[in-house]
Amino acid sequence: MNKLHDWPEPVIRVQSLSESGLKSIPERYIKPATDRPSLNVEEDPTNMDVNIPIIDLTGLSEDGNNLPQSTMDQISLACREWGFFQVVNHGVCPGFMDQVRETWRSFFHLPMEMKQAYANSPKTYEGYGSRLGIEKGAILDWSDYYYLHYLPLTLKDYNKWPASPDSCREVIDEYGKELVKLGGRIMKVLSINLGLKDDRLQNAFGGDNFGACLRVNFYPKCPQPELALGLSSHSDPGGLTLLLTDHQVPGLQVRKDDKWITVKPAPHAFIVNIGDQIQVLSNANYKSVEHRVIVNSDMERLSLGFFYNPKSDIPMQPMEELVSTDKPALYSPMTFDEYRLFIRLKGPKGKSQIESLHSPR
């Protein structure tokens, strides 16, 4: 029997709960006390002015890398110390970024029966969904989402993409092309900063046969945000993530030195973060970092996570140039297909998965 064939319980759309006007959230969404967000920033004034690094990519284009060494160093430091950074002047048109975000917002505000036509199953997760993981009775996150594939082309299926609002599919397609290009440019920088040839990391991903997918997250208003999370703590299982967020509504929190830092998105920036596969390939020179999403009672929030991933059937293991007697390989080989099965079955669970991959020493 295929464990991923269907959801263990009827799916409830969080947006429907939110719009029903309930004053308290169902028990299924109440996090254990240790996982609940602290919404009172005054508790830790030292965190109020902290933000993930903001890096100007002027000079990084399709024609080549003309970034100054100081920018290369900023990126290197961000990858080693934060696992997260924001990029501006990245080559994607700001007006187009707004168009993509608002196109998706329009989708989530369509009548429910139109969205339900794209309801997903845990077999591939493609389509309109409201949960991650198939454990019966699990505590759920306060969000709905839409998940789709761009690459490889064998998985790209326009019929699984929304047909409404008008020109939605064309906008989604163009966005994928732009972010594949940006992701490829950033991969070269990461590779050079590891002391490798600029195409080494991309080749480890499968060269031209890499994967790319999009998850659009919709976080409806929540009447009790102090009890819930929009997305539980996790590190991204894939390679590299490029996140486009709402300007006005913060929500993403990154774990740094055992504190949760609320990211303040720069206008028309992408938030870039290292996924578990790059942690494995880099032999933990670069680290994926736990992050989560908080919700609020006043405003909905939308974000678009674009995942630039390795080819799914290549065993991922530390690149030999980064393994030595002083620093042996930290991880056993595993394909991305095998790896992502964990989050698809169990849902987001901090960094427990990558830590379980450590090679026996």
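Position 1 is the first residue of the sequence, and the numbers go up from there.
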Check the pair Asn309, Phe210 against side-chain contact (heavy atoms from CB on, under 4.5 Å), reporting the backbone distance first and the verdict last. CA-CA 6 Å; Asn309 293 330; Phe210 63 99; over 6 Å; no

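- Gln279 and Lys351 share a side-chain donor-acceptor pair at under 3.5 Å.
- Counting only heavy atoms from C-beta outward, the side chains of Gln317 and Tyr331 never approach each other to under 4.5 Å.
- The only option from Tyr219, Phe218, Tyr29 that meets the ring pair (Phe, Tyr, Trp, His ring centres under 6.0 Å) definition with Trp142 turns out to be Tyr29.
- Geometric assessment of Arg215 against the ring of Tyr145 yields a positive cation-pi assignment under the 6.0 Å and 45° thresholds.
- For the atom pair Met97 CE and Gln99 CD, the distance stands at 12.5 Å (nearest 0.5 Å).
- Asn217 and Tyr146 share no donor-acceptor pair across their side chains, judged by distance under 3.5 Å alone.
- Ring geometry for His234 against His291 counts as tilted: the plane angle lies between 30° and 60°, on a 0 to 90° scale.
- No side-chain donor from either of Ser76 and Asn193 sits under 3.5 Å from a side-chain acceptor of the other.
- With no hydrogens or angles considered, no side-chain donor-acceptor pair links Ser18 and Gln15 at under 3.5 Å.
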Apply side-chain hydrogen bond (donor to acceptor under 3.5 Å, both in side chains) to the pair Asp6 and Ser121, showing each step before the final yes or no. CA-CA 6 Å; Asp6 217 341; Ser121 86; 5.8 Å; no

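- Of the N and O atoms on the side chains of Asp56 and Thr58, at least one donor lies less than 3.5 Å from an acceptor on the other residue.
- When only modelled atom types and interatomic distance are considered, Arg13 and Gln116 share a side-chain donor-acceptor pair under 3.5 Å.
- Across all non-hydrogen atoms, the minimal contact from Gly206 to Ile314 is CA-CD1, 3.6 Å.
- Relative ring orientation between Trp104 and Phe108 is described as tilted, the plane-to-plane angle lying within the 30° to 60° band.
- For the 3.5 Å distance criterion, the side chains of Glu290 and Ser233 qualify, holding a donor opposite an acceptor.
- Remark: Cys93 SG to Asp98 CG distance equals 8.5 Å, nearest 0.5 Å.
- Put simply, the side chain of Arg131 does not reach to within 4.5 Å of the side chain of Asp141, judged on heavy atoms.
- Here the side chains of Asp276 and Asp236 are not in contact, with every heavy-atom distance at 4.5 Å or above.
- Residues Ser232 and Lys31 have side chains that bring a donor and an acceptor to within less than 3.5 angstrom of each other.
- The nearest pair of heavy atoms linking Ser191 to Lys197 is OG-O, 2.7 Å.
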